[in-house]
Amino acid sequence: MGFQRIMALHVHDELEYQAYRDAMLPILHFYGGDFGYDFAVSEVLNSKTNSQINRVFTIDFPSEELMNAFLVMSPICL
């Protein structure tokens, strides 16, 4: 059984965001992970934050342990 983490953020610069994804991919792979679903969002109907959201994506892992190790040790937590 795999594990997914859903992420939501506001992308200001598509080129910079793509560079971030490209740089994150080897780190994800190190932990057995990968990008899953990826959505460009035009309208947010309900949110638990005041921050703008225009991108929602998942990161997928083969186990909860690997997902937690990635979340603790990776730059995504910055």
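Small disclaimer: the values here were computed from a predicted structure and weren't measured.
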Participant: Hey, is CZ on Phe30 packed in by over 12 heavy atoms from elsewhere, all under 6.0 Å?
Facilitator: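 No, the 6.0 Å shell around CZ holds no more than 12 heavy atoms from other groups.
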Participant: Mind checking whether Met7 and Tyr17 sit in one hydrophobic cluster, side chains of I, L, V, M, F, W, Y counted as touching below 4.5 Å?
Facilitator: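 Yes, it is one cluster - the side chains of Met7 and Tyr17 are joined through contacts under 4.5 Å.
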Participant: Tell me, please, whether Phe35 has Arg21 positioned over its six-membered ring: NZ or CZ under 6.0 Å from the ring centre and within 45 degrees of its axis?
Facilitator: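 Yes; both conditions hold, so Arg21 lies above the ring face of Phe35.
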Participant: Testing the basics here: between Asp22 and Pro26, what is the closest heavy-atom pair and its distance to 0.1 Å?
Facilitator: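 The pair with the smallest heavy-atom distance is O-CD, 3.3 Å.
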Participant: In this structure, would Val11 and Ile53 fall into the same cluster of hydrophobic residues linked by side-chain contacts under 4.5 Å?
Facilitator: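 In one cluster with Val11: Ile53, no.
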Participant: When you compare the side chain of Phe57 with that of Leu9, does any pair of heavy atoms fall below 4.5 Å?
Facilitator: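 Yes, side chains in contact.
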Participant: Please report the closest heavy-atom contact between Ser63 and Phe3, naming both atoms and the distance.
Facilitator: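 In this case the closest contact between Ser63 and Phe3 is C-CD1, 3.5 Å.
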Participant: Mind checking whether Phe39 and Tyr37 have parallel, tilted or perpendicular rings, split at 30° and 60°?
Facilitator: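 If you compare the ring of Phe39 with that of Tyr37, the planes turn out parallel.
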Participant: What residue among Asp34, Leu71, Leu28 forms side chain to side chain contact (heavy atoms under 4.5 Å, CB included) with Phe61?
Facilitator: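 Looking at Asp34, Leu71, Leu28, the match for Phe61 under the side chain to side chain contact (heavy atoms under 4.5 Å, CB included) is Leu28.
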Participant: Does Gln18 have more than 12 heavy atoms from other residues, nucleotides or ligands lying within 6.0 Å of its CD?
Facilitator: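 More than 12 within 6.0 Å, yes.
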Participant: Taking C-beta and beyond as the side chain, do Leu66 and Phe70 meet within less than 4.5 Å on heavy atoms?
Facilitator: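 Side-chain contact under 4.5 Å: no.
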Participant: Which heavy atom of Pro62 sits nearest to which heavy atom of Gly32, and what is that distance?
Facilitator: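 Closest pair (atom of Pro62, atom of Gly32, distance): CD-O, 3.0 Å.
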Participant: For Met67 versus Arg5, what's the shortest heavy-atom pair and its separation?
Facilitator: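 What the structure gives for the nearest pair is SD-CB, 4.1 Å.
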Participant: Count the heavy atoms of every other residue, nucleotide or ligand shown that sit under 6.0 Å from CZ of Arg55, and state whether that count exceeds 12.
Facilitator: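 Counting neighbours around CZ of Arg55, more than 12 heavy atoms of other residues, nucleotides or ligands fall under 6.0 Å, so yes.
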Participant: At what distance, to the nearest 0.5 angstrom, does CG of Asp38 lie from CD1 of Ile59?
Facilitator: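 Interatomic distance, Asp38 CG to Ile59 CD1, rounded to 0.5 Å: 12.0 Å.
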Participant: Please say yes or no: joined through hydrophobic side-chain contacts below 4.5 Å, possibly via intermediate residues, are Tyr31 and Tyr20 part of one cluster?
Facilitator: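 Both belong to a single hydrophobic cluster.
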